[in-house]
Amino acid sequence: MQHVYSGKVREIYSDGADLLLVASDRVSVYDVVLPTPIPDKGELLTRLSVWWFGQLTDIVPNHLVSATDVPAEFAGRAIRCRKLAMVPFECIARGYLAGSGLKEYQATGAVSGVALPPGLVEGSRLPEPIFTPTTKVSDGGHDAPATFTEVAEVVGTELAVRLRDLTLEVYRRGAERAAEGGIIVADTKLEFGLTEDGVVTLADEVLTPDSSRFWPADDWVPGRPQHAYDKQFVRDWAAGTGWNKQPPAPELPADVVAATRARYVDAYEKITGLGWRA
C-alpha cells in the first residue's frame, strides 16, 4: 500500500487497482480539524455509508469494492473502493433552509442561483429539493457556491444534468428512508466520479452526519436552530467559544465529545434500524 492523501477526516491509500479510504475519528468544523477526536466516529461514518450504498444501488452505481477486505488495523473504519476520475464539484441537495444556504438566501433571495419564495426562515422546508453545488478545493481552502450553469461550463451540460438529477434522486431516497426513523435530512453533500468508461459513480461517503444535516422530525420548528444529529452541534459549540475559526482550534470538552458521539450513534441506529454494536 502507498499513502497518497491525508484529508481533514480521511486517509487514502493506493493498493494496486484499488483505493483504501480510511475514516479517522477526527472532526473538522469551519475547514479546521479540531485537536480532540470523537471515539468511534470513523467506524460510524464507514458503516453508515456502506449501509447507504446498499440502499442506493438501483439509483446509481458506487465505488465500493469491499468493506471487509481491508488491513486488520483499519477494520471497521475503511473501505476498499474503485479509483475514479473525480468530478471537481461538491454536489449538494437541500430540502430545508440552513447553514450557508440560509445566509445566501437572506442576502439574495436565492441559493446557488435558484430563486426561492420570500419569507422563508431558518429551518423552512423548501417547496422542492434544490441542487446547490459548490467548488471543491484542497484542505485549508473554502468551498465556494456554484450555479448549475457554472458546473455545466466546466463538465459539460450532459454531465451536469446527470449530476443534478442523481443528487436530487439520492437526496429524495435518503430523506424518505431517514423519515421512517424519525429523522429529517435537511441537506446532504455527495461526491461523484467517472469510471474509465465514463459511468457516473457515487463515491466518498454518503448521507452521514459529516456530510448531511440530520434533525429529529418531532422537534422540527422553523424559525430557530434545530437539534442536530450531526456535527452542527460541534460547530455551534465552537462558534460560542469566541474562536476566530483559524488554526489552532480549541480542545473539545469531555461533555461535548460524549454528546457528539451519542448523536452520531443515535442517527446511525434511527436510520438503519440496527443497534450500533449489533
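What you see below is based on every heavy atom in this structure, not just the backbone, and it leaves out hydrogens, waters and symmetry mates.
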- Please step through salt bridge (Lys or Arg N to Asp or Glu O under 4.0 Å) for the pair Asp187 and Arg213, ending with a clear verdict. CA-CA 6 Å; Asp187 54 45; Arg213 283 186 173 85; 2.9 Å; yes
- In sequence, state the C-alpha distance, the side-chain angles, and the governing distance for Arg173 and Gln55, and then conclude on side chain to side chain contact (heavy atoms under 4.5 Å, CB included). CA-CA 9 Å; Arg173 171 70 62 80; Gln55 300 293 310; 5.5 Å; no
- Item | Worked verdict on Lys189 versus Asp204 for salt bridge (Lys or Arg N to Asp or Glu O under 4.0 Å) | CA-CA 10 Å; Lys189 177 183 68 176; Asp204 197 52; over 6 Å; no
- Going through the distances and angles, do Leu163 and Val200 end up as a side chain to side chain contact (heavy atoms under 4.5 Å, CB included)? CA-CA 8 Å; Leu163 293 170; Val200 179; 4.1 Å; yes
- Message: Evaluate Asp40 against Arg77 for salt bridge (Lys or Arg N to Asp or Glu O under 4.0 Å), listing each step before the verdict.
- Response: CA-CA 9 Å; Asp40 296 323; Arg77 58 190 181 93; over 6 Å; no
- Task: Could you go through the salt bridge (Lys or Arg N to Asp or Glu O under 4.0 Å) check for Arg26 and Glu11 one step at a time?
- Result: CA-CA 11 Å; Arg26 300 189 295 267; Glu11 304 292 333; 3.0 Å; yes
- Task: Please report the C-alpha distance between Thr134 and Ile92 in whole Å, then the side-chain angles of each, then the deciding distance to 0.1 Å, and finally whether the side chain to side chain contact (heavy atoms under 4.5 Å, CB included) criterion is met.
- Result: CA-CA 7 Å; Thr134 67; Ile92 299 170; 3.6 Å; yes
- Start with the C-alpha distance between Ile59 and Leu202, add both sets of side-chain angles, then the distance that settles side chain to side chain contact (heavy atoms under 4.5 Å, CB included), and finish with yes or no. CA-CA 10 Å; Ile59 295 176; Leu202 186 60; over 6 Å; no
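For the pair Tyr105 and Leu120, the tightest heavy-atom approach, listed with the atom from each and the gap, is OH-N, 3.0 Å. Of all heavy-atom pairs between Val256 and Trp237, the closest is CG2-CD1, 3.6 Å. Annotation for Glu104 and Gly113: closest pair OE2-N, 4.4 Å, computed over non-hydrogen atoms. Residues Pro61 and Val199 share a closest heavy-atom pair of CG-CG1, 3.8 Å. The two atoms that bring Ala152 and Ala160 nearest to each other are CA-CB, 3.7 Å, heavy atoms only. Smallest separation of non-hydrogen atoms from Val154 and Pro88: CG1-CG, 4.2 Å.
In this model, a donor atom of one side chain and an acceptor atom of the other lie less than 3.5 Å apart for Arg94 and Ser100. Glu43 and Thr46 are not linked by any side-chain donor-acceptor pair at a separation below 3.5 angstrom, with hydrogens and angles left out of the test. Looking at Asp197 and Thr195, their side chains do bring a donor and an acceptor atom within 3.5 Å of each other. Between the side chains of Glu251 and Thr36, a donor-acceptor pair is found at a separation under 3.5 Å. Between the side chains of Ser66 and Thr68, at least one donor N or O lies within less than 3.5 Å of an accepting N or O. No hydrogens or angles considered: nothing links the side chains of Ser112 and Thr132 as a donor-acceptor pair under 3.5 Å.
In this structure, Ile79 is not a member of the same hydrophobic cluster as Val70, with clusters built from ILVMFWY side-chain heavy atoms closer than 4.5 Å. A continuous path of hydrophobic side-chain contacts links Ile183 to Leu44 [ILVMFWY only; heavy atoms under 4.5 Å]. Clustering ILVMFWY residues whenever any of their side-chain heavy atoms sit less than 4.5 angstrom apart, transitively, puts Val33 in a cluster other than the one holding Ile38. Val185 and Leu168 fall into different hydrophobic clusters, where Ile, Leu, Val, Met, Phe, Trp and Tyr residues are linked whenever their side-chain heavy atoms come under 4.5 Å apart, directly or through other members. Cluster annotation: Tyr171 and Val114 are assigned to distinct hydrophobic clusters (Ile/Leu/Val/Met/Phe/Trp/Tyr, side-chain heavy-atom contacts under 4.5 Å, transitive).
Under the 6.0 Å distance and 45° angle rule, Arg263 counts as a cation-pi partner of Phe233. For the pair Arg164 and Phe148, the cation sits on the ring face: its NZ or CZ lies under 6.0 Å from the ring centre, inside 45° of the axis. Cation-pi check for Lys245 over Tyr30 is met; the charged atom lies under 6.0 angstrom from the ring centroid and within 45 degrees of its normal.
The distance from the OG1 atom of Thr208 to the CG atom of Leu45 is 5.0 Å, given to the nearest 0.5 Å. The CD1 atom of Ile271 sits 4.0 Å away from atom CZ of Phe214, with the distance rounded to the nearest 0.5 Å. Taken from OH in Tyr5 to CZ in Arg10, the straight-line distance is 11.0 Å, to the nearest 0.5 Å. For the atom pair Thr241 OG1 and Asp236 CG, the distance stands at 11.5 Å (nearest 0.5 Å). Taken from CG in Leu190 to CG in Leu166, the straight-line distance is 9.0 Å, to the nearest 0.5 Å. Summarising the geometry, atom NE2 belonging to His227 is positioned 9.5 Å from atom CG belonging to Asp218; distances are rounded to the nearest 0.5 Å.
Between Asp210 and the choices Lys231, Lys41, Lys8, the side-chain hydrogen bond (donor to acceptor under 3.5 Å, both in side chains) rule is met once, by Lys41.
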Contacts under 3.5 angstrom, residues 123-130 side chains, donor-acceptor by atom type, not counting sequence neighbours:
from: Ser124; atom 1: OG; to: Val121; atom 2: N; distance (Å): 2.9
from: Ser124; atom 1: OG; to: Val121; atom 2: O; distance (Å): 3.0

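Atom CD of Glu180 sits in a crowded spot, with more than 12 heavy atoms from other residues, nucleotides or ligands closer than 6.0 Å. The number of heavy-atom neighbours closer than 6.0 Å to CD of Glu196, taken from other residues, nucleotides and ligands shown, is 12 or below.
Aromatic ring centres of Tyr96 and Trp215: separated by under 6.0 Å.
A salt bridge between Asp15 and Lys83 is absent, with no side-chain N of the basic residue lying under 4.0 Å from a carboxylate O of the acidic one.
Residues passing the side chain to side chain contact (heavy atoms under 4.5 Å, CB included) test with Val65, sequence neighbours excluded: Asp18, Arg80, Arg82. Residues meeting the ring-ring contact (aromatic ring centres under 6.0 Å, His included) test with Tyr13, sequence neighbours left out: His3, Phe74.
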